[in-house]
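By convention in this document, chain letters (A, B, ...) are assigned in the order of the sequence lines, proteins followed by strands, and residues within each chain are numbered from 1. Only heavy atoms go into these numbers, but all of them, side chains included; no hydrogens, no water, no symmetry mates.
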2 protein chains.
Amino acid sequence: MTAAANQNGRRATASRRLERAGIRDVAAAAGVSITTVSDALNGKGRLPDETRSRVREVAERLGYRPSAAARTLRTGRSGLIGLTVTTYGEEPFTFTEFAYFAEMARAATSAALGRGYALVVLPASSRHDVWSNIALDGTVVIDPPDQDPLVTELYRSGVPVVSDGKPGNCPVTAWVDNDHEAAVLNILEHLSEAGARRIGLLTGTSTDTYTRLSTEAYLAWCDRVGQEPVYEAYPAHDPAAGAVAADRLLARPDRPDAVYGLFDPNGTDLLAAARRYGLRVPDDLLLVCCSESDVYANTEPPITTLSLKPRRIGTTVVNLLIDAIEGVDAGTGTATGRLFPPRYRTAGTGPPPGTLMPTELLVRASSQRRTPRTTVSPPRAPGEG
Amino acid sequence: MTAAANQNGRRATASRRLERAGIRDVAAAAGVSITTVSDALNGKGRLPDETRSRVREVAERLGYRPSAAARTLRTGRSGLIGLTVTTYGEEPFTFTEFAYFAEMARAATSAALGRGYALVVLPASSRHDVWSNIALDGTVVIDPPDQDPLVTELYRSGVPVVSDGKPGNCPVTAWVDNDHEAAVLNILEHLSEAGARRIGLLTGTSTDTYTRLSTEAYLAWCDRVGQEPVYEAYPAHDPAAGAVAADRLLARPDRPDAVYGLFDPNGTDLLAAARRYGLRVPDDLLLVCCSESDVYANTEPPITTLSLKPRRIGTTVVNLLIDAIEGVDAGTGTATGRLFPPRYRTAGTGPPPGTLMPTELLVRASSQRRTPRTTVSPPRAPGEG
DNA sequence: CGTTCATGGAGAAACGTATCTCCGGCCTCC
DNA sequence: GGAGGCCGGAGATACGTTTCTCCATGAACG
């Protein structure tokens, strides 16, 4: 009552616009102070249930919706986390076309929502600087290259950053990655057991973590078992280049009798190339590729794929990020933990905590010499020659 | 200089925390007022270039980043637009698994970024109320059902809403939809020309616009040409139900000799069902389904698909929404148009402006009796009688 | 009967920006 | 020589919350 006139004084003098009801209007209507309204609505403070419910009722009646902007300004929390991929640089969203990123982004969105956050996908750079216009509580960065300026900038300005892909040389809060080395070794071993004598690799020319680690693991394995490396690298961006590289690989004088392709389209490309050269899969050529697509379950023959389990990655990354956001106030390093005590361990000093997630090898006909079903197909004539 | 002490007084008395530089710090360091800093950085006001560049330089040196939260509070614009689908209700993100939604969302995100906005995907409802925590300049709603409470609430609170799918009975700012009627008629005509005598439909039980309009168009066509409708409806959510429905359709005594399936998996399901019943495609059964997937280019036989061109839809919807946001101040209806004059026509009163977008029929072997390559199949017996 | 607590709540200070209003000075023009 | 017009910029206010601080009241307790 007494407060009403006071609180509304300013508004009353202003124009009589029919705006949305503010917290002051609720306070006036309920005959309490705005403090009480805020406390009642947010479940804080010490208030008798009667007052609480009365205030809630009035707020409901007035159709009061708290201003997210004001709340964000006051609390410093926006409930928004960003997701971006910096590696593939300029062109926005070519990346979402990769099944891995699409699925990962979906899982990340879902995980964020499950914890009350919303996720916004942002490009590494754009004309309008969207980044500076949006209050972010934290950011997930997919596969940041060494010395990524964006990551450095974000981290320096106090925004927690969690990366998918072990970061090269950027300061991140935490990171998650597949155990690429284990995955590649597992595949090579699998192919060896299936009878492969010379295993080739179809890899990329870019320097992202995935490509680099996988290739290194392959080379190390070759070195260890004494096989001469047989690989072709191509720019993974270019869909046409993949087919050419697959062809090149099978055209080599030291043609491999088994191939692992690092990228999604490699399976069909290699299959097509094999067909051109009259190579039967899996009889003459064992095939494995990394893919999240289930079309490889229905190709002829079905192709063994390595799944990076992007959903699991996306979920983990987001949870790690939100833990960091809610655990410590990143800027000053002072633990706030009032409302949200850190439920997971929080990184102290030292290297950022990383988590390695396992991959999954879906073994299909293309990487097994003895297929269960006996086929009646006659030996095919060599390709197109 | 003189201003510096004043402006910083408050901050100086506060704790000496090493926070991010604010606009006041920049003003103090540059020896100007915060007004000048704001104007210089935002390209407004009348300032000599020398001052402008000096302020920019100081801001850069201090690593000044304007607070997005404060800007949002002040300007009432967050640069954020929401994307949600309400029809499929409770479960978040089952929808993104449909290729249509995934592609549409991708295009929408890209279009938004292209105009300086970020897009955040939100569920129709969730435990934590993410909606109220986020300042949205507008929202894209996919296929709102009649009387959608969310849409009504949004619209009432002054947030522009543009829907993908003609809205049943909700007040929206604008809407975009495919011309489903034309699409279905086109398909039926195409099938007729290919020799179909009795065309069946695989449809859904839900009441969304797409399903409803398509089914109605089918029924109307049947009525017009004097064919008895032959269709099966199933809950489109349930992937298993689709296969069962496809089977049911082909098991009917009045078995159709051509089928159009409204949903993505119908193609493979129908193909499998046809195989079970010993029906050859396209010889005994013509097939078309609505899908955005290109796997149907490689099935045996390739299946004719209807594409709803989700990318085009997503782009259009977002552009319409942003036009509305920048065109008029939705709450009061007063045109602000200071910075952003309405470039497109703005809806006055009356029904919300809607746009119908064409679809695209990708004709493949499954819907053509005479395939280019000469087949050796014998002439078929008429109908089934 | 005086002191301490717990209860219920009010006041006011931020949060950091954009922008409206206004002011002094200088130039120009009659 | 005075009056207006333009330039460059300062002051102050408002955006709508959250939250820190503090006060009044009564009850409990010695």
Side-chain angles (χ1 to χ4, degrees), chain A residues 1-4 6-11 13-15 17 19-27 30-52 54-55 64-78 132-133 135 336 338-339, chain B residues 1-4 6-11 13-15 17 19-28 30-52 54-55 59 64-78 132-133 135 336 338-339:
Chain A
M1 287 302 198
T2 64
N6 252 346
Q7 296 294 348
N8 258 19
R10 191 179 45 184
R11 170 158 296 227
T13 63
S15 66
R17 283 181 295 175
E19 304 266 2
R20 279 173 46 194
I23 197 175
R24 278 189 304 274
D25 303 310
V26 178
V32 295
S33 73
I34 60 173
T35 304
T36 304
V37 174
S38 178
D39 284 348
L41 263 37
N42 295 336
K44 300 189 176 177
R46 310 164 310 212
L47 296 177
D49 286 346
E50 190 272 328
T51 304
R52 227 175 263 278
R54 181 163 47 90
V55 168
Y64 168 69
R65 294 284 175 272
S67 151
R71 173 176 295 167
T72 298
L73 177 59
R74 180 62 231 241
T75 63
R77 283 262 194 14
S78 66
S132 66
N133 264 331
T336 54
R338 207 184 349 266
L339 282 175
Chain B
M1 285 302 198
T2 65
N6 254 346
Q7 297 294 349
N8 258 17
R10 192 178 47 184
R11 169 159 297 228
T13 63
S15 67
R17 284 181 293 176
E19 305 265 3
R20 280 172 45 194
I23 197 176
R24 278 188 304 274
D25 303 311
V26 178
V32 295
S33 73
I34 59 174
T35 305
T36 305
V37 174
S38 178
D39 284 348
L41 262 37
N42 295 336
K44 301 189 175 176
R46 310 164 310 210
L47 297 176
D49 287 346
E50 190 271 330
T51 303
R52 229 175 263 278
R54 182 163 47 91
V55 169
Y64 168 69
R65 294 284 175 272
S67 152
R71 171 176 297 168
T72 298
L73 177 59
R74 180 63 230 247
T75 62
R77 282 259 194 17
S78 67
S132 66
N133 265 330
T336 55
R338 208 186 346 269
L339 282 174

Classify the nucleic acid contact of [X] as base, sugar-phosphate or nothing, counting any heavy atom under 4.0 Å across all strands shown.
X     : value
A:T72 : nothing
B:S38 : base
A:T75 : sugar-phosphate
B:R71 : sugar-phosphate
A:L73 : base

Legend entry - Side-chain donor/acceptor contact of A:T36 with base of C:dG8 under 3.5 Å: no

Legend entry - C:dT19 base / B:T35 side chain donor-acceptor hit below 3.5 Å: yes

With a 4.5 Å cut-off on side-chain heavy atoms, are [Y] and [X] touching?
X     : Y     : result
B:T72 : B:R77 : no
A:L73 : B:S67 : yes
A:R71 : A:N42 : yes
A:I23 : A:Y64 : yes

Go through [options] for me and flag the one nearest to the [X] side chain.
X     : options                : answer
A:Y64 : D:dT17, C:dG16, D:dA10 : D:dT17
B:S33 : D:dA10, D:dT17, C:dG16 : D:dA10
B:R24 : C:dC15, C:dG9, D:dA12  : C:dC15
B:L47 : D:dT17, D:dG8, C:dA10  : D:dG8
B:R46 : D:dC7, D:dG16, C:dG9   : D:dC7
B:I34 : D:dA12, D:dT17, C:dG8  : D:dA12

Could you tell me the separation between the [atom1] atom of [X] and the [atom2] atom of [N], rounded to a whole number of Å?
X      : N      : atom1 : atom2 : answer
B:D25  : C:dC15 : CG    : C1'   : 14 Å
A:N42  : D:dC20 : CG    : P     : 13 Å
B:R52  : D:dC7  : CZ    : P     : 13 Å
A:E50  : C:dG9  : CD    : C1'   : 13 Å
A:N133 : C:dG16 : CG    : C1'   : 14 Å
A:R54  : C:dG8  : CZ    : C1'   : 12 Å
B:R77  : C:dG16 : CZ    : P     : 24 Å
A:D39  : C:dA10 : CG    : C1'   : 11 Å

Legend entry - Residue pair A:S33, A:T36: steps toward the side chain to side chain contact (heavy atoms under 4.5 Å, CB included) verdict: CA-CA 5 Å; A:S33 73; A:T36 304; 3.2 Å; yes

Legend entry - A:R54 CZ to A:L47 CG distance, which is reported to the nearest 0.5 Å: 10.0 Å

